[in-house]
Amino acid sequence: MGGWSSFIGSLCKAKLAGIGIVSLLASQARGFFLALLRKARVGSSLALQARLFFLALLRKARYWWETFVETKVLPPSPLSKKLWVLLAVWCVVCPARTVNSNSGGKIRSFDPILADDLASRDLLGAVFDTLLEYDYTIRPYSLKPSMLAKMPSHNREFTRYYFTLRDDLFFQDHHALKGLPPSQRKVTSHDVRFSLLRLADSRLHSPLFWLVRNKIKGIDDFHSRSRSAVGNFIYDQGIEGFVIVDDLNFVIELQQPDPRFLYRLAIPNAAIVPRKAVESEKYPFKRFPAGSGPFVLKKWIPDYQIVLEKYPGYRKEFFPQAENPSDRSRPLPLADRITISLIRQPMTSYLMFLRGDLDFHALDKDKADIAAPGGRLSPALIDRKISLISFPEFEIRYVGFNFDDPILAKNRDLRAALTAAYDIDRRVRFTNNQLIPVSSVVPPDVSSSCRSIIHPFAGKGIDFARNMLASAGFANGIDPSSGKPLTLTFDQSGSGTTHRQYGELAASDFARLGIDLVSQLNNKPRFYEKLRRGNVQLFRLSWIGDYPDAENFFQLFYSKNIGGCNRCNYSNPVFDRLYEKILTMSDSPERDALYRQMAQIINEDCVWILEGIPLSWQLKHHWLQNFRHHDFGFSKWKYITVDPASRKQLKSTFTPLTFRDLQK
């Protein structure tokens with residue numbers, strides 16, 4: 001045993017000393033083997049099985065090597081020690097690339113049709129695949145085929161779309177699909193139909209039904225029929241709007257023209273799932289997922305950690321724009337493992353990042369003054385080769401008025417007075433400049449015609465607000481019906497410190513008008529129940545865009561969405577007609593002009609007090625590669641990776657940081 005240990009130790013010393021023979025032999029042997037497999041016929045069962053075996057062997061060798069390094073004892077194995085040593089050489093030369101991240105929130109489900117929170121949705125793209133995805137590097141955002149062999153074609157009216165799947169898609173050999181040969185795990189048109197119909201199955205209560213509701217022919221009828229359905233035979237009956245041509249080709253027919261329908265198929269909640277795994281009683285799908293994405297869920301300890309490992313059967317794809325030139329010919333995903341720490345305390349996450357235990361970290365306003373005062377990174381962090389990336393989120397924060405409220409609904413001047421009195425500059429300072437003021441309900445990068453809009457009331461100052469308040473019938477803030485100050489309520493979706501502070505800011509602003517504002521703090525279920533019932537007056541919320549088109553924001557004001565995403569219960573026949581007109585229009589200057597007109601109507605009616613777009617600050621370590629901001633980067637996990645050698649070298653130089661060090 002001692003001889004083998006000494007031999008392995010010599011190999012390590014040789015590597016560390018810079019001797020390149022071992023590295024050359026190991027890398028060339030690995031490259032030669034994989035090259036042979038790639039030349040095999042695409043979809044070949046033998047080639048796929050061989051590749052899976054080889055990569056599984058490498059993972060075992062990595063485990064063997066890590067155990068030896070930690071314990072100095074060779075773990076038991078039925079294989080020859082010489083074979084293990086040769087494989088361990090590869091592990092020394094090519095250490096595992098592990099990306100360390102933090103979820104930033106509670107992971108509730110890995111079932112795409114149930115994962116409606118941001119933290120859960122963010123991880124879906126690691127395990128599952130969608131028919132389409134956004135190009136990771138191209139701006140403006142552009143769709144490209146993911147599970148498809150080519151971009152879908154469509155008829156002139158945008159009512160019928162034609163799809164062709166790739167021929168090399170296989171669900172992961174995991175959980176309920178463990179042990180099945182590739183031929184029984186191949187993705188087909190039937191899997192696509194099953195996955196989309198699950199969104200509409202009323203028995204599953206998917207909050208993502210809106211993705212297909214009123215879109216695909218027959219989908220709403222399926223939703224109704226599923227209420228009384230027994231078992232899953234209803235899926236075999238299909239619907240009129242989904243026609244299976246063969247295993248790789250299918251057609252989707254819509255109820256009405258929709259040039260933007262394809263955006264919905266790139267949202268991770270529309271991911272394709274295997275029916276056998278979903279229907280497994282032994283492995284509940286939301287806890288034991290099996291997709292066709294780049295990573296396999298290997299471990300999930302709730303409220304502690306999630307571990308994802310590279311799926312060796314992932315379809316053949318490369319990233320020519322990779323930062324490391326050698327990665328440009330490396331099949332995706334580039335990382336071998338992703339470790340997600342389920343930490344909900346920002347300070348804990350921040351300290352782990354400073355130690356190098358997390359590769360990137362979102363910097364909130366409370367730590368921005370220390371880590372990046374004035375938007376400039378602290379010298380102590382620069383010395384650690386940490387970078388600061390700032391970018392506007394695809395999100396609008398706002399204060400909404402309830403148009404069912406008897407005081408606010410029919411008094412535009414009152415809403416205008418409140419809008420003018422709402423001090424946006426105070427919010428910008430409060431967030432440490434992590435807020436960008438806007439004058440339109442549409443983010444500036446979405447519609448060029450909306451960028452130059454000037455809001456008729458926002459930012460007009462307190463004197464203007466007082467004049468509007470008098471015009472509204474509440475001079476000096478006095479309610480004429482009682483002779484006392486007008487009292488309004490302000491609801492928020494949380495009860496934390498930040499929510500309390502926003503309530504205090506709003507109360508201070510409106511106190512200048514003589515109005516009493518009562519801040520109502522709620523938990524999220526209570527908040528949304530009050531919105532649904534219309535038991536609010538003013539409320540603070542935000543909207544994160546689902547796809548890069550202004551229509552996704554204008555739907556929030558369409559009267560037929562009252563009770564849904566139209567939280568303000570706003571109804572305007574003129575706006576409705578314009579909205580219905582743009583739904584069937586493709587991208588054009590004419591449609592953009594209508595977008596501007598619609599945005600101006602919303603501003604004139606004072607439906608929202610526009611707070612702004614949050615500015616996100618991300619810290620990243622030098623060893624993290626291919627990390628780019630992308631508002632729809634659901635598939636980012638297959639691109640990002642790390643340089644293990646750089647990580648090891650830099651972390652060896654880290655010493656504990658004090659707040660004094662950060663403030664220098």
Side-chain angles (χ1 to χ4, degrees), residues 43 45 48-49 51-53 55-56 59-60 107-116 120-121 123-131 146-147 165-201 203-206 208 226 229-236 238 244 247 268-302 305-315 333 337-338 340 637-638:
S45 178
L48 181 62
Q49 292 282 36
R51 185 165 183 256
L52 293 177
F53 171 77
L55 294 175
R59 286 200 301 272
K60 288 287 187 183
I107 305 301
R108 294 180 171 84
S109 175
F110 265 96
D111 188 337
I113 70 163
L114 299 177
D116 62 331
S120 299
R121 188 179 75 167
L123 289 181
L124 291 180
V127 178
F128 298 97
D129 211 349
T130 49
L131 297 176
S146 182
M147 300 179 76
L165 289 170
R166 293 174 60 126
D167 196 25
D168 58 350
L169 304 174
F170 299 90
F171 290 118
Q172 296 157 2
D173 178 17
H174 200 45
H175 299 316
L177 305 183
K178 190 72 174 177
L180 292 181
S183 60
Q184 295 184 34
R185 293 185 283 108
K186 191 169 185 177
V187 181
T188 70
S189 301
H190 295 271
D191 297 304
V192 179
R193 183 180 69 179
F194 174 75
S195 302
L196 296 182
L197 289 181
R198 289 188 75 230
L199 288 163
D201 191 335
R203 299 168 298 178
L204 302 178
H205 306 289
S206 172
L208 286 310
S226 65
V230 178
N232 286 339
F233 296 107
I234 190 172
Y235 287 97
D236 299 319
I244 295 178
D247 279 354
N269 305 102
I272 309 307
V273 300
R275 182 169 180 172
K276 183 177 180 64
V278 170
E279 295 177 346
S280 169
E281 295 182 0
K282 183 178 179 181
Y283 298 102
F285 194 66
K286 69 177 183 180
R287 187 71 176 79
F288 300 97
S292 60
F295 291 92
V296 177
L297 176 63
K298 298 297 288 189
K299 181 169 67 173
W300 181 8
I301 304 175
Q305 188 184 67
I306 287 175
V307 176
L308 305 167
E309 287 192 357
K310 183 175 186 174
Y311 171 41
Y314 185 62
R315 55 187 169 82
R337 183 186 301 132
I338 298 173
I340 309 291
W637 302 107
K638 63 184 177 183

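Just so it is clear, the model here is predicted, and its values are computed rather than measured. Throughout, residue positions are numbered sequentially from 1 according to the sequence presented.
When the ring pair (Phe, Tyr, Trp, His ring centres under 6.0 Å) test is applied to F295, no partner is found at least two apart in sequence or on another chain. With sequence neighbours excluded, the residues that form a ring pair (Phe, Tyr, Trp, His ring centres under 6.0 Å) with H175 are Y283, F288. Not counting sequence neighbours, the partners of F194 by the ring pair (Phe, Tyr, Trp, His ring centres under 6.0 Å) test are Y235. The side chain to side chain donor-acceptor pair (under 3.5 Å) check on S206 picks up nothing, with sequence neighbours excluded.
Listed for the Y311 side chain is a donor-acceptor partner under 3.5 Å among the backbone atoms of F171. Remark: side-chain polar atoms of Q172 are paired, donor with acceptor, to backbone N or O of V127 under 3.5 angstrom. Looking at S189, its side chain never comes within 3.5 Å of a backbone N or O of I244 through a donor-acceptor pair. Remark: side-chain polar atoms of S195 are paired, donor with acceptor, to backbone N or O of V273 under 3.5 angstrom.
S292 is not listed as a side-chain neighbour of R185, based on a closest heavy-atom distance of 4.5 Å or more. Between H190 and D247, some side-chain heavy-atom pair lies under the 4.5 Å cut-off. The shortest distance between side-chain heavy atoms of F285 and P112 falls below 4.5 Å. Residues R315 and D129 are in side-chain contact: their nearest non-hydrogen atoms beyond the backbone lie under 4.5 Å apart. F128 is not listed as a side-chain neighbour of P268, based on a closest heavy-atom distance of 4.5 Å or more.
Salt-bridge check for K186 with D167: passed, with a basic side-chain N closer than 4.0 Å to an acidic carboxylate O.
Looking at every heavy atom in both residues, A229 comes nearest to I234 through CB-CD1, 4.0 Å. Scanning both residues, A176 and S280, for their nearest heavy atoms gives CB-CB, 3.6 Å. The two atoms that bring L308 and A126 nearest to each other are CD1-CB, 3.7 Å, heavy atoms only. Contact between F170 and P182 at its shortest, heavy atoms only, is CD2-O, 3.2 Å. When all heavy atoms are compared, the tightest approach of G179 to D173 is N-OD1, 2.7 Å.
Residues in residues 191-201 take part in these salt bridge (charged side-chain N to carboxylate O under 4.0 Å, His left out) pairs, two or more places apart or across chains: D111-R198, D201-R203. Pairs passing the salt bridge (charged side-chain N to carboxylate O under 4.0 Å, His left out) check and including a residue from residues 273-287, sequence neighbours excluded, read D236-R275, R275-E279.
Once rounded to the nearest 0.5 Å, the distance linking CG of L131 with CD1 of I272 reads 4.5 Å. The CD1 atom of I107 sits 4.5 Å away from the CG atom of L123 when rounded to the nearest 0.5 Å. Between the CD1 atom in I340 and the CH2 atom in W637 there is a gap of 4.0 Å [rounded to 0.5 Å]. Atom CG of L204 and atom CG of L199 lie 9.5 Å apart (nearest 0.5 Å).
The only member of L124, L114, D116, I113 that meets side-chain contact (heavy atoms from CB on, under 4.5 Å) when paired with N269 is L124.
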